Amino acid sequence: TPGLRGLTRSAPYMHDGSIATLEAVVAHYGDGIIVRPGLSSSLPRPLALDRSERTSLIAFLQAIDDTEP
């Protein structure tokens, strides 16, 4: 988890800054992932999370945020 600390302060997300919120990132991997040649074959498609699991994932990411940059 050390690599995830501070994640809530690092928006926008993705390599190109194309996603503005954590909610949108989770939705991207759950609903909108675009299969491209460079995409890892080990990534589940789609990421099967229901609404409650998505909310819990985002809450977890916010909970492990540190307070110092």
Side-chain angles (χ1 to χ4, degrees):
T1 54
L4 296 175
R5 291 200 172 115
L7 184 68
T8 60
R9 294 189 315 273
S10 64
Y13 302 98
M14 309 309 272
H15 71 284
D16 60 357
S18 63
I19 300 183
T21 66
L22 287 175
E23 292 82 2
V25 171
V26 173
H28 168 76
Y29 283 104
D31 304 326
I33 196 164
I34 298 170
V35 178
R36 295 192 169 112
L39 187 66
S40 172
S41 61
S42 64
L43 182 68
R45 292 177 196 86
L47 184 60
L49 299 175
D50 64 28
R51 181 181 298 265
S52 175
E53 291 169 323
R54 290 178 187 204
T55 300
S56 294
L57 175 58
I58 292 165
F60 168 74
L61 293 170
Q62 292 168 335
I64 64 169
D65 197 10
D66 53 9
T67 56
E68 296 182 28

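Model, not experiment: these values are computed from the prediction. Note: hydrogens, waters and symmetry copies are ignored here, and every other heavy atom, side chains too, is used.
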Novice: On a heavy-atom basis, which atom in Gly17 and which in Pro12 lie closest, and how many Å separate them?
Specialist: O-CB, 3.4 Å
Novice: Testing the basics here: between Leu49 and Leu57, what is the closest heavy-atom pair and its distance to 0.1 Å?
Specialist: CD1-CD2, 4.0 Å
Novice: Mind checking side chain to side chain donor-acceptor pair (under 3.5 Å) for Ser40 and listing every partner two or more places apart, or none if nothing turns up?
Specialist: Ser42
Novice: I need the minimum non-hydrogen distance between Ser10 and Leu7, along with the two atoms involved.
Specialist: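 Looks like OG-O, 2.8 Å.
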Novice: Between Val25 and Tyr13, which heavy-atom pair has the shortest distance, and what is it?
Specialist: CG2-CB, 3.5 Å
Novice: Grab the two heavy atoms, one from Ile64 and one from Arg5, that are nearest each other, plus how far apart they are.
Specialist: O-CG, 3.2 Å
Novice: Once salt bridge (charged side-chain N to carboxylate O under 4.0 Å, His left out) is applied, what residue pairs with a partner in residues 13-22 remain, sequence neighbours excluded?
Specialist: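 Non-adjacent pairs meeting salt bridge (charged side-chain N to carboxylate O under 4.0 Å, His left out): zero.
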Novice: If you measure from OH on Tyr29 to CD1 on Ile19, what distance do you get to the nearest 0.5 Å?
Specialist: 7.0 Å
Novice: Measure the spacing between CG of Leu61 and OG1 of Thr8 and express it to the nearest 0.5 Å.
Specialist: 8.5 Å
Novice: Among pairs that include at least one residue of residues 52-63, which meet salt bridge (charged side-chain N to carboxylate O under 4.0 Å, His left out), considering only residues two or more places apart or in two chains?
Specialist: Asp31-Arg54
